[in-house]
Amino acid sequence: MEVESSQPRSTVFEPGLCKPVPTSATSTISNKSIYSEITPSHGKLGAEEQVLEEEDVAELVELKGTKEWVRRQHVEQEATLLARQQEPDNNTQEEVNASILHLQSLLQEQSTKLSVQELVLERLQCGGALSKFLFDSPDSESTEEEPSEKDKEKIGEMVKQQNELVFELGKYHKDIQDLQESLDEVKKQSFEQQVRNRELMTRLQQRKEEQQQRSQEDSSDKVKMLESKLEQAMSNISSLQHIFQALIFGSQVHWAEDPDLQELMISLGTPPDI
Amino acid sequence: MAAEEEREMSEVLPEEILKPFHKMPVRNAATVLLVGSYGTGTQQLAKAMVDVCTDTGLKLQVRTTTSLPLPEENADTRPRIDYIVFIIDLTNRLSFSTVQSAVQCVDVEYFLGRACFVVTNAKGTSDQCVEMEEVSRLADMYNTMYICGAIKEGDQDERTTLANRLLRLVEVSAGRKNVSPLLVDLTCRQLCFQEEQTEFYTV
């Protein structure tokens with residue numbers, strides 16, 4: 001089976017440029033070998049004819065490779081030619097960048113699509129060959145039935161195993177997807193939390209600063225008040241000291257003869273000092 | 001291998017510009033041009049690439065030059081250049097200026113996946129006289145990728161790795177692989193033009 005190459009369209013973007021070789025040269029050999037095992041006549045070919053066939057196959061593979069190479073070169077040359085024929089628009093750098101990005105993403109999309117198609121085709125081919133091997137009964141002798149039954153059983157088991165594995169894979173994929181989604185949500189939430197935290201922190205800092213300012217003002221006011229109170233108290237004390245002194249003088253007591261009174265008079269004379 | 005004489009270039013004539021589609025390609029053959037000034041290790045890299053290529057079934061021809069444009073004498077016998085490698089040694093200012101002048105002699109088609117820059121001596125920063133930023137700026141200007149590697153005598157494994165990597169790229173541009181050089185170039189580079197990416201998950 002060969003996949004026909006698509007004709008290049010008259011745009012700059014060439015899907016053919018990224019088209020992979022359909023079921024590359026090596027896989028045609030493997031397909032041929034599957035078919036050759038099925039066909040009953042193959043077993044009856046002589047060794048010489050087998051060698052010749054292998055040589056033919058090699059030649060065919062080589063020719064196919066050359067054909068693909070020529071096709072690729074042709075597509076590249078045509079794409080270059082088309083690109084050169086296009087008139088340059090007076091676009092800004094940004095527009096050009098945007099169009100380049102768009103074309104690049106298109107190119108990637110198309111190439112992935114083609115690769116997926118190629119894989120599907122290969123799978124179908126293998127499936128077709130397998131079903132032919134399993135279900136098409138060859139014209140053979142009865143003695144050959146038993147081994148083929150065993151082979152069928154083996155292949156059946158393998159297919160069952162494959163099914164189970166694929167099922168498991170599907171489950172894991174789904175789990176991974178769910179986990180990914182929950183991870184994304186958690187990240188989102190943590191980000192929102194961080195943003196909120198930041199806001200709160202800024203508010204907290206602002207409040208702290210305000211508080212500090214206020215306390216500074218208060219303290220300066222308090223200090224002044226206390227200082228004035230102190231001054232007043234000092235002046236009160238000194239005036240009381242003078243009053244006491246005057247009282248002692250006025251009482252005409254010989255304060256110099258009494259040591260206690262003397263001490264008192266002297267202490268009253270010294271101004272208060274803190 | 002062609003040894004070329006250096007020429008002062010004030011203007012590049014149209015016939016001197018190297019073009020990829022000027023000549024017919026050859027099946028199962030590829031030609032690489034290594035552009036690098038003396039002392040950048042072009043000969044060693046050429047030998048490494050030829051050694052690596054012996055098992056692949058590809059007839060590889062490696063040509064080296066110290067400057068572009070290539071002389072006219074060999075123009076008729078010279079095959080189509082499938083891939084160009086510009087070698088920059090970060091400890092050699094001349095290598096950078098050589099490459100800067102050489103890129104002007106190359107057609108823009110080459111910068112769509114048929115050329116790359118190889119940067120050597122990128123590890124040790126003490127001897128470097130060319131900033132990595134300058135190299136990345138040059139690579140961005142020509143929208144071409146650059147590969148850091150080692151070519152000198154003591155780095156056999158790294159040289160082989162680099163040669164292998166370049167060989168893969170050469171095979172793509174020679175049409176041996178199922179992809180076009182443009183697609184490979186596309187997937188090697190980031191799909192954005194230095195846009196500011198929104199920092200959604202980083203604070």
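Here is the naming used below: chain letters follow the sequence lines, and residue numbers restart at 1 for every chain. Note that the structure is predicted; figures quoted are calculated from it, not measured.
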*asked:* Are there over 12 heavy-atom neighbours, none belonging to B:Lys47, within less than 6.0 Å of that residue's NZ?
replied: no
*Do you know the tightest heavy-atom contact between A:Arg72 and B:Lys177?*
NH1-O, 2.7 Å
_Counting only heavy atoms not in B:Arg165 (residues, nucleotides, ligands), do more than 12 fall under 6.0 Å from its CZ?_
no
_Would you say CD of A:Gln85 has more than 12 non-hydrogen atoms from neighbouring residues, nucleotides or ligands within 6.0 angstrom?_
yes
*Out of curiosity, B:Asp185 CG to A:Gln104 CD, how far, rounded to the nearest 0.5 Å?*
8.0 Å
*When rounded to the nearest 0.5 angstrom, what distance separates CZ in B:Arg27 from CD in A:Gln73?*
9.5 Å
_If we ignore hydrogens and angles and just use 3.5 Å, is the side chain of A:Trp69 paired with the main-chain N or O of B:Asn28 as donor and acceptor?_
no
*Between B:Arg176 and A:Glu68, is the closest basic N to carboxylate O distance under 4.0 Å?*
no
*Above 12 or not: heavy atoms from other molecules or residues under 6.0 Å from CD of A:Gln77?*
yes
